[in-house]
Amino acid sequence: MNTRVRFAPSPTGSLHLGSVRTAIFNYLFSKQTNGSLILRIEDTDKGRSTSHSQEEILSSLKWLGIQWNEGPYLQSERIEIYQNYANILLSEGKAYKCFSSQEEINRIKEQAKKEKKIYKYPRIWRDRKDHPQNKDFVIRFKTPDNKIIDFKDTLRGKIEIESNNLDDFIIIKSDGFPTYNFASAIDDIEMKITNVIRGEDHLSNTPKQILIYNSLNAKIPDFTHVSMILGKDKTKLSKRHGAESIDNFKSMGFLPVSIINYLARLGWSFGDQEIFSLNEMEANFSLDNLNKSPAIFDLEKFTWVNSNQIKKADTNYLKELINFKFIEGIDIDLAILSAKEKSKDLIQLKEVLSFCETKELNIDDKSIESINDCDKKILEKFLNSFMDYNFKNMDEIEDFFKNFLLNNNLKMKNLAFPLRLILTGSKNSPGIYQILKILSKELISYRVKRFL
RNA sequence: GGCCCCUUCGUCUAGUGGUUUAGGACAUCGCCCUUUCACGGCGGCAACACGGGUUCGAAUCCCGUAGGGGUCACCA
């Protein structure tokens with residue numbers, strides 16, 4: 001049987017690193033097993049769901065390159081389905097209408113708090129037949145007493161919980177919308193999900209969902225509850241830990257593949273390998289290599305992964321991403337090739353390449369001062385013979401450069417340092433031979449003469 | 001607090017009873033390379049939470065303790 005997995009975010013904010021990793025694991029698993037990834041939007045909270053964040057989630061997934069095979073299905077458009085199932089449970093006596101008002105419930109909760117007892121809905125309407133007319137109600141599940149609910153988690157093994165720890169939880173709210181546990185279970189049944197891969201925070205919801213599966217005689221999928229991602233202070237990752245949404249990392253100059261690589265590697269491993277292409281991850285991902293303990297998000301290692309991915313990235317791809325207006329005559333391929341070797345993110349890549357973008361360079365006075373009159377004479381001499389020479393490749397530039405040094409009794413730094421400064425305006429630039437090849441002769445001449 | 005989950009270098013992890021003086025990576029420190037900044041190369045520092053078992057033998061299996069996390073909503 002083909003595997004069917006789903007990613008089911010709720011559109012109540014932008015995509016968080018933790019949910020992105022869940023999406024990645026589901027995506028990689030579907031690829032590895034030749035299955036399908038279903039995208040489902042869990043928008044049953046009328047108050048908090050927004051179409052804005054829904055769009056943001058979709059565009060983030062697309063940007064990352066996480067493609068889904070079905071959906072997005074919106075739960076808000078499937079209300080009838082949940083109500084039908086709720087009616088089945090109602091008619092079979094497995095659920096009941098509850099007419100207790102919010103105020104009444106709140107009172108009971110407060111009372112429980114005062115007495116330091118655990119609140120559990122006292123089942124007031126569980127067996128009552130005297131239903132009032134024209135009064136709001138919710139539908140609650142009849143949780144059985146004294147039963148052991150167990151299920152197998154592929155990562156954590158058999159998990160058991162006593163039904164007595166569970167409440168008669170609500171499955172349909174008074175506005176007719178389903179609650180998370182109900183909608184989620186029903187959809188997983190309806191969509192024939194074979195593997196539920198989600199965050200560990202859902203572990204304690206699973207028994208309730210098992211109850212629903214059982215009450216409908218539905219087949220229970222394989223569960224895999226992946227550990228959380230924590231911040232540096234070992235608490236749940238949040239805004240306090242800096243950039244958390246994918247958009248943030250995008251604007252910090254991270255590549256999609258870097259995000260997938262780093263996040264996947266947080267909790268998953270494949271021997272000693274650290275850097276993966278998308279294809280490699282799709283081919284090698286396995287639930288068996290998942291780690292049970294929570295992982296701390298480390299921006300430094302993430303950045304290291306990104307710098308590796310940038311070095312590996314295709315030149316044309318980077319060219320598209322940075323969307324630069326290069327000065328005419330620039331050897332763009334060589335420029336990018338040499339700049340990516342020294343960049344850890346896209347921002348830095350652009351900085352390094354900035355000498356290829358604007359004709360006029362801003363060189364600060366202090367740097368100018370460091371070049372003396374003697375240098376100027378050398379530079380002029382260098383420029384003259386450089387302009388006369390016809391280079392076919394960088395090797396010839398190197399030969400020419402070295403010969404010039406030899407003939408003029410100069411050391412490398414005597415010429416390379418001022419030349420680099422004049423030609424790029426920066427200390428962080430490619431090697432001098434590369435600079436001389438990247439820039440057109442005209443531009444080299446222009447920049448040197450302007451200095452003289 | 002009840003229930004559930006987790007515990008190998010500072011961090012991500014390898015390790016599935018003997019091949020382990022516990023391996024790799026990030027970070028850090030030192031050296032080398034060097035035309036800037038980087039890259040790179042070589043090397044150092046650094047971990048099985050604790051206590052009991054089981055076993056000829058345990059990071060690996062069992063129990064307990066401690067610590068951390070999650071969850072207890074008409075949120076998902």
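Residue numbers begin at 1 in each chain, while the letters A, B, ... track the order of the sequences. No experiment lies behind these values; they were computed from the predicted model shown.
Donor-acceptor pairing under 3.5 Å, judged by distance alone, is present between the side chain of Ser174(A) and the base of C74(B). If you check distances only, the side chain of Lys109(A) never reaches the base of A73(B) with a donor-acceptor pair under 3.5 Å. For C37(B), its base sits under 3.5 Å from the side chain of Lys342(A) at one donor and acceptor pair at least.
C39(B) has its base syn relative to the sugar, with a glycosidic angle deviating from 0 by at most 90°.
Here C5(B) is the nucleotide among C5(B), A76(B), U35(B) with the atom lying nearest to any side-chain atom of Arg156(A). For Lys311(A), counting side-chain heavy atoms from C-beta on, the closest listed nucleotide (G2(B), U35(B), C39(B)) is C39(B). Of the candidates C74(B), U35(B), C5(B), the closest approach to any side-chain atom of Ile159(A) belongs to C5(B).
With hydrogens and angles ignored, the 3.5 Å screen pairs no side-chain donor or acceptor of Asp167(A) with any backbone N or O of Phe169(A).
Every residue two or more places apart in sequence or in another chain was checked for a ring-ring contact (aromatic ring centres under 6.0 Å, His included) with Tyr96(A), and none qualifies. Partners of Phe137(A) by side-chain contact (heavy atoms from CB on, under 4.5 Å), not counting sequence neighbours, listed by chain and number: Lys97(A), Phe99(A), Ile139(A). Considering only residues two or more places apart in sequence or on other chains, Lys437(A) meets the side-chain contact (heavy atoms from CB on, under 4.5 Å) condition with Asp331(A), Leu334(A), Met394(A), Ile397(A). Not counting sequence neighbours, the partners of Glu160(A) by the side-chain contact (heavy atoms from CB on, under 4.5 Å) test are Ile148(A), Asp150(A), Lys158(A).
Within the structure, the salt bridge (Lys or Arg N to Asp or Glu O under 4.0 Å) test picks out the following pairs touching residues 108-118 of chain A (sequence neighbours left out): Glu115(A)-Lys117(A). Each side chain to side chain donor-acceptor pair (under 3.5 Å) pair with one or both residues in residues 400-410 of chain A, not counting sequence neighbours, appears once here: Lys381(A)-Asn408(A), Glu398(A)-Lys402(A).
Residue contacts shown for Pro207(A) are absent, as no nucleic acid heavy atom lies under 4.0 Å away. Base engagement by Ser100(A) is indicated by at least one non-hydrogen atom pair under 4.0 Å involving a base atom. Residue Ser293(A) is in sugar-phosphate contact alone, with no base atom involved, counting any heavy-atom pair closer than 4.0 Å across all strands shown. Nucleic acid contact class of Glu162(A) (heavy atoms, under 4.0 Å, all strands): none. At a threshold of 4.0 angstrom between heavy atoms, the contacts of Phe302(A) with the nucleic acid are absent.
A heavy-atom distance below 4.0 Å to RNA chain B is reached by none of the residues of residues 141-150 of chain A. For the segment residues 259-277 of chain A, the set of residues with a heavy atom within less than 4.0 Å of an atom of RNA chain B comprises Arg265(A), Leu266(A), Gly267(A), Ser269(A), Asp272(A), Glu274(A), in numerical order. Looking at residues 40-51 of chain A, you'll see Glu42(A), Thr44(A), Asp45(A), Arg48(A) sit with a heavy atom under 4.0 Å from some atom of RNA chain B.
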Stepwise ring pair (Phe, Tyr, Trp, His ring centres under 6.0 Å) check, Phe249(A) with Phe302(A): CA-CA 10 Å; Phe249(A) 289 107; Phe302(A) 187 16; 5.3 Å; yes

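Tyr82(A) and Thr44(A) are not linked by any side-chain donor-acceptor pair at a separation below 3.5 angstrom, with hydrogens and angles left out of the test. Glu396(A) and Tyr389(A) form no side-chain donor-acceptor contact under 3.5 Å, judged by distance and modelled atom types alone. If you check the side chains of His202(A) and Ser184(A), you find no donor sitting under 3.5 Å from an acceptor.
Side-chain N/O atoms of Lys292(A) include none lying less than 4.0 angstrom from OP1 or OP2 on U8(B). At C3(B), none of the side-chain N or O atoms of Lys120(A) fall inside 4.0 Å of OP1 or OP2 (strictly under the cut-off).
The side-chain hydrogen bond (donor to acceptor under 3.5 Å, both in side chains) test with Asp43(A) singles out one residue from Ser10(A), Ser49(A), Ser76(A), and that residue is Ser76(A).
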Summary of protein contacts for nucleotides 61-71 of chain B, nucleotide by nucleotide, where a base hit scores B, a sugar-phosphate-only hit scores S (4.0 Å, heavy atoms): --------SSS

Nucleotides 42-50 of chain B: protein proximity per nucleotide (B base, S sugar-phosphate only, - neither; heavy atom, under 4.0 Å): ---------

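When the P atom is compared between G44(B) and U34(B), the two are found 24 Å apart, to the nearest whole Å. Comparing the P positions of A76(B) and C61(B) gives an interatomic distance of 38 Å, to the nearest angstrom. A gap of 31 Å separates the C1' atoms of A46(B) and U55(B), to the nearest Å. Comparing C74(B) with G70(B), their C1' atoms are spaced 23 Å from each other, to the whole Å. Separating the C1' atom of C45(B) from that of G51(B) is a span of 29 Å, rounded to the nearest Å. Atom P of U20(B) sits at a distance of 14 Å from the matching atom of A59(B), rounded to the whole Å. Taking atom C1' on both nucleotides, A25(B) is separated from U35(B) by 31 Å, rounded to a whole Å. Spacing of P atoms, G24(B) relative to A47(B), comes out at 14 Å, to the nearest Å.
Base pairing analysis places U35(B) opposite nothing; no Watson-Crick or G-U wobble pair with both distances below 3.5 Å involves it. With a cut-off of 3.5 Å on both Watson-Crick or G-U wobble distances, the partner of G18(B) is given as C56(B). When both pairing distances are held under 3.5 Å, C74(B) makes no Watson-Crick or G-U pair with any nucleotide shown. The partner of U7(B) is A66(B), by the rule that a Watson-Crick or G-U pair needs both atom distances under 3.5 Å.
Here the side chains of Leu61(A) and Phe7(A) are in contact, with some heavy-atom distance below 4.5 Å. Counting heavy atoms from C-beta outward, Phe223(A) and Thr154(A) have side chains that stay 4.5 Å or more apart. Ser100(A) has its side chain within reach of Tyr121(A): a pair of non-hydrogen atoms, C-beta onward, lies under 4.5 Å apart.
Summary of the strand contacts: Ala295(A) and Pro9(A) both lie near RNA chain B, and taking for each the nucleotide with the nearest heavy atom, the more 5' one is attributed to Ala295(A). For the pair Asn165(A) and Val138(A), nearest-nucleotide mapping onto RNA chain B gives the more 5' position to Asn165(A).
Rounding to whole angstrom units, CG of residue Asn291(A) and C1' of G15(B) are separated by 11 Å.
Summarising the geometry, atom NZ belonging to Lys46(A) is positioned 8.5 Å from atom NZ belonging to Lys173(A); distances are rounded to the nearest 0.5 Å.
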Each nucleotide N or O in nucleotides 31-34 of chain B that has a protein N or O under 3.5 Å away: list the pair and distance.
none

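Relative orientation of the Phe401(A) and Phe382(A) rings is perpendicular, given thresholds of 30° and 60° on the angle between their planes. In this pair, Phe276(A) and Trp268(A) present their aromatic rings tilted. The plane angle is within the 30 to 60° band.
Remark: Asp45(A) engages Arg48(A) in a salt bridge, criterion side-chain N to carboxylate O under 4.0 Å.
Atom NE2 of His52(A) is surrounded by 12 or fewer heavy atoms from other residues, nucleotides or ligands within 6.0 Å.
Ile197(A) and Asn26(A) get closest at one heavy-atom pair: O-ND2, 3.0 Å.
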